[in-house]
Number of protein chains: 2
Amino acid sequence: MDAQVKRGLLDVCVLAAIKFDDSYGYKIIKDLEPYMKISESTLYPILRRLEEQGQLTVRSEEYNGRLRKYYGITATGRDKIAQFASEWKEIMSVYDYVTREE
Amino acid sequence: MDAQVKRGLLDVCVLAAIKFDDSYGYKIIKDLEPYMKISESTLYPILRRLEEQGQLTVRSEEYNGRLRKYYGITATGRDKIAQFASEWKEIMSVYDYVTREE
DNA sequence: GGATATACTATACGACGCGAGGTATTATGT
DNA sequence: ACATAATACCTCGCGTCGTATAGTATATCC
């Protein structure tokens, strides 16, 4: 996928990955793989930013002797998803414009 | 529209604005307005970049005593549009993933 | 004659993706 | 037993790019 387009979808994809169940970095990367390849150095800064913005919450939990950070979506995060969905009409109209045949 | 999403659509919108007829900066901004508001300070650097990348060509022409730069799409530019169109399925699958109901 | 539209340019800032590199434990294969 | 891969997190630095701000200059409208 085009790098710039991808950029526009990254945040909302991460939110979508935790919208039903809390999840953690490594799992998010694997879950998103079919839709969008995202590297660790891309994801972790995004998670931190989304937390700062109040779109998700973090809790640390030990799993099998290893530390895991579980991320859960907040109401603000859900709003972002809803906002993205409501913007879709605009995005579609751009698509139609770009692919139009005179 | 979300700033990041917009970012992903900017290049291809500009190409789309000149895909049938050559155009110039000011007109491109007005033509794109219904789909996407783009400022001068955003557009002109994009035009220069797209030229460097061989996606469009420029010629200067005098119009009414004022200099105008007309931009025309190249085969490479058309390829970019085609590429965007062919990526659309992936983008749609992201949309479906983000808006899915369990 | 003053405001608005037209038309292009340069500078500087900040946001952000991501490659490269680091640490550490557990599971798997031979 | 030992190497390799998988799991799980983190940081630093680079380059790209949108955009606010400001500047230049002519034409048109009231």
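Every chain is numbered from 1, with letters handed out A, B, ... down the list of sequences. Only a predicted model underlies this, so the values are computations on that prediction, with no experimental measurement involved.
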Does [X] use its side chain to pair, donor to acceptor, with the backbone of [Y] at less than 3.5 Å?
| X | Y | answer |
| --- | --- | --- |
| Thr74(A) | Gln55(A) | yes |
| Lys27(A) | Ala17(A) | no |
| Glu87(B) | Asp2(A) | yes |
| Lys19(A) | Val98(B) | yes |

Item to check | Glu40(B) (side chain) and dC8(C) (base): donor-acceptor pair under 3.5 Å | outcome: yes

For atom [atom1] of [X] and atom [atom2] of [N], their distance in whole Å:
| X | N | atom1 | atom2 | value |
| --- | --- | --- | --- | --- |
| Gln4(A) | dC16(C) | CD | P | 13 Å |
| Glu62(B) | dC8(C) | CD | C1' | 14 Å |
| Leu9(A) | dC16(C) | CG | P | 15 Å |
| Glu51(A) | dC10(D) | CD | P | 10 Å |
| Met36(A) | dC18(C) | CE | C1' | 14 Å |
| Leu67(A) | dT23(C) | CG | P | 18 Å |
| Lys6(A) | dC18(C) | NZ | P | 4 Å |
| Leu43(B) | dT9(C) | CG | C1' | 12 Å |

Checklist entry - With the threshold set at 4.0 Å, does a side-chain nitrogen-carboxylate oxygen contact exist between Arg100(A) and Glu102(A)? => result no

Looking across every strand, which nucleic acid part, if any, lies under 4.0 Å from [X] by heavy atom: base, sugar-phosphate, or nothing?
| X | answer |
| --- | --- |
| Leu10(A) | sugar-phosphate |
| Ile46(B) | sugar-phosphate |
| Ser41(A) | base |
| Lys27(A) | nothing |

Would one find a side-chain N or O of [X] under 4.0 angstrom from OP1 or OP2 of [N]?
| X | N | answer |
| --- | --- | --- |
| Tyr24(A) | dA8(D) | yes |
| Arg49(B) | dC17(D) | yes |
| Tyr44(B) | dT9(C) | no |
| Arg7(A) | dA15(C) | no |
| Ser39(A) | dC18(C) | no |
| Arg68(B) | dC8(C) | no |
| Lys37(A) | dC18(C) | no |

Checklist entry - Is there side-chain contact between Met92(A) and Trp88(B), with at least one heavy-atom pair below 4.5 Å? => result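 A side-chain contact under 4.5 Å exists here.
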
Checklist entry - What nucleotide, of dG18(D), dC18(C), dT19(D), holds the atom closest to the side chain of Thr42(A)? => result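 When the side chain of Thr42(A) is considered, dC18(C) is the closest of dG18(D), dC18(C), dT19(D).
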
